[in-house]
Amino acid sequence: MPTLDFKGKQFIYGHHLTVPVRTLQINPDKSLTRENDPSLNDNLIIHGDNLHALKALLPKYAGKIKCIYIDPPYNTGNEGWVYNDNVNSPMMQEWLEKHSPVDVEDLERHDKWLCMMWPRLHLLKELLADDGVIFMSIDDNEIHHLRTLMDEVFGDNFRNIISVRRGVKNVQAQFQYVDRLNVGSEYILFFSKSSDMKFRHLTVDLNENKVGSWNNHWRGTDRPTMRYELMGITPEKGQWRWEKERSLAAIENYERLLDECGSTPSSLSQLS
């Protein structure tokens, strides 16, 4: 299995083993069950350093967690995240103090991000049950590093990369040449603890009889010049999405398609 080398790895390689185990303290004033003697057996929200929180959970939950989802910093250079694990190395501490918080000017921010992730991933693996799974949100800034790091920590238990569509602002449309394509997706890395883990096949029931609607051609924005008769309908408010010539051309194309396919434009008949 290939391994990923990065600055500081030799200092944090066993850091998760040296993190002291802290006892979680219940805050009755924050508990929804404070009148009924709240305990650590309830659902928990932990406030504190996540590395210490993970270590505090180990005595009770090691090998018992079925599903973990984490959303680490994407390390874009604009988040201003701080990495300050108390690694027992003066050289490491001096390095971490540079460019803290981590910003876009820190040319070693990827190394620091990997140093931050390494001990946390090891503790998360200890918490997972044998049939447990872990999902991690990430984008294109660190997905290549995270995938390699997970391969090293979790072995050959990669399951998938889930692509999550996100909105795209097409600010580059005004230019003839651009330096890169717009990023339209984020990702969720999916790993299991064991190669023997099986998960239920995912299905979605589709409503094949869903009735179409012309509401998508109408907008609530109020432009009187975009209110015209279309198939016998003239909006009293709002506007049609397209100018009249384009709408008529679309209807003509649709009718021609139905004629060629031998179908009846029932949706048009209902509106006319």
Side-chain angles (χ1 to χ4, degrees), residues 1-25 40 44-75 79 81-98 100-102 106 108-138 141-159 188-195 197:
M1 177 70 66
T3 60
L4 181 65
D5 192 21
F6 50 90
K7 183 176 180 179
K9 185 177 182 179
Q10 68 271 31
F11 297 111
I12 56 89
Y13 193 84
H15 182 57
H16 59 286
L17 301 174
T18 65
V19 176
V21 177
R22 290 171 167 80
T23 302
L24 295 177
Q25 300 294 328
L40 295 178
L44 301 177
I45 296 178
I46 302 174
H47 177 73
D49 184 283
N50 52 26
L51 185 63
H52 296 159
L54 292 174
K55 196 64 177 282
L57 290 171
L58 276 180
K60 186 175 181 61
Y61 294 103
K64 297 180 179 180
I65 306 299
K66 292 281 191 175
C67 181
I68 294 175
Y69 168 76
I70 63 173
D71 186 16
Y74 283 9
N75 204 20
E79 298 159 308
W81 63 279
V82 176
Y83 175 46
N84 56 0
D85 285 353
N86 188 24
V87 181
N88 188 23
S89 167
M91 184 184 303
M92 187 77 169
Q93 290 299 324
E94 181 181 357
W95 176 54
L96 294 180
E97 289 176 2
K98 298 178 181 178
S100 184
V102 177
D106 189 349
E108 297 173 325
R109 72 176 189 271
H110 299 289
D111 298 275
K112 292 179 180 178
W113 188 87
L114 289 167
C115 286
M116 182 267 295
M117 293 296 295
W118 177 271
R120 288 159 175 81
L121 291 176
H122 277 278
L123 292 179
L124 288 167
K125 182 181 179 182
E126 288 188 51
L127 286 168
L128 276 180
D130 289 339
D131 58 347
V133 294
I134 180 170
F135 299 86
M136 296 151 288
S137 288
I138 204 67
N141 285 281
E142 294 291 357
I143 186 171
H144 51 304
H145 290 141
L146 181 58
R147 169 64 198 274
T148 307
L149 195 65
M150 288 297 296
D151 285 338
E152 185 170 351
V153 175
F154 279 77
D156 190 22
N157 291 318
F158 168 75
R159 293 309 178 107
I188 300 177
L189 276 179
F190 174 21
F191 274 77
S192 64
K193 184 175 183 179
S194 170
S195 59
M197 192 279 299

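Just so you know, these numbers use all the heavy atoms, side chains as well, and skip hydrogens, waters and symmetry mates.
Although no hydrogens or angles enter the test, the distance criterion places a donor-acceptor pair under 3.5 Å between the side chain of Lys125 and the main chain of Val153. In this structure, the side chain of Glu79 engages the main chain of Asn75 through a donor-acceptor pair within 3.5 Å. Formation of a donor-acceptor pair under 3.5 Å by the Lys112 side chain with backbone atoms of Glu108 is not found in this model. In this structure, the side chain of Asn157 engages the main chain of Lys193 through a donor-acceptor pair within 3.5 Å. Panel note: side chain Asp111, backbone Gly8; no donor-acceptor pair is recorded below 3.5 Å. Listed for the Trp81 side chain is no donor-acceptor partner under 3.5 Å among the backbone atoms of Val102.
For Asp131, the side chain to side chain donor-acceptor pair (under 3.5 Å) partners are Lys66, not counting sequence neighbours. A search for side chain to side chain contact (heavy atoms under 4.5 Å, CB included) contacts involving Gln10 returns nothing, not counting sequence neighbours.
A distance of 8.0 Å separates NE2 of His144 from OG1 of Thr148, quoted to the nearest 0.5 Å. Taking CD1 from Ile70 and CG from Leu121, the interatomic distance works out to 5.5 Å, rounded to the nearest 0.5 Å. Between Met136 atom CE and Ile68 atom CD1 the span is 9.5 Å, to the nearest 0.5 Å. A distance of 5.5 Å separates CD in Glu142 from NE2 in His110, rounded to the nearest 0.5 Å. To the nearest 0.5 Å, atoms CG (Leu128) and CG (Leu123) are separated by 11.5 Å. Taken from CG in Leu44 to NE2 in His47, the straight-line distance is 15.0 Å, to the nearest 0.5 Å.
Considering only heavy atoms from C-beta on, Leu124 comes within 4.5 Å of Leu54 through its side chain. Between Ile138 and Tyr74 the shortest side-chain heavy-atom distance falls below 4.5 Å. Counting heavy atoms from C-beta outward, Met116 and Pro73 have side chains that approach closer than 4.5 Å. Counting heavy atoms from C-beta on, the side chains of Val21 and Leu58 never come closer than 4.5 Å. The shortest side-chain heavy-atom distance between Leu146 and Leu189 falls under the 4.5 Å cut-off. Between Trp118 and His15 there is no side-chain heavy-atom pair separated by less than 4.5 Å. Within the 4.5 Å cutoff, the side chain of Leu24 has no heavy atoms near those of the Lys60 side chain. Between Met117 and Leu149 the shortest side-chain heavy-atom distance falls below 4.5 Å.
Aromatic ring orientation, Phe191 versus Phe154: tilted (interplanar angle from 30° to 60°).
For the pair Asp85 and Arg120, the salt-bridge criterion is met [side-chain N within less than 4.0 Å of a carboxylate O].
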> Can you check side-chain contact (heavy atoms from CB on, under 4.5 Å) on Leu57 and Ile65, steps first, answer last?
Replying inline: CA-CA 10 Å; Leu57 290 171; Ile65 306 299; over 6 Å; no

>> Working note: Phe6 + Ile12, criterion side-chain contact (heavy atoms from CB on, under 4.5 Å); need CA distance, chi angles, decisive distance, verdict.
In response: CA-CA 11 Å; Phe6 50 90; Ile12 56 89; 4.1 Å; yes

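The shortest non-hydrogen separation linking Pro72 to Ser137 is CD-O, 3.4 Å. Smallest separation of non-hydrogen atoms from Cys115 and Tyr83: O-OH, 3.3 Å.
For Leu17, the CG atom sits in a packed shell: over 12 heavy atoms of surrounding residues, nucleotides or ligands are nearer than 6.0 Å. Environment of CG in Asp156: sparse, with no more than 12 heavy atoms of neighbouring residues, nucleotides or ligands closer than 6.0 Å.
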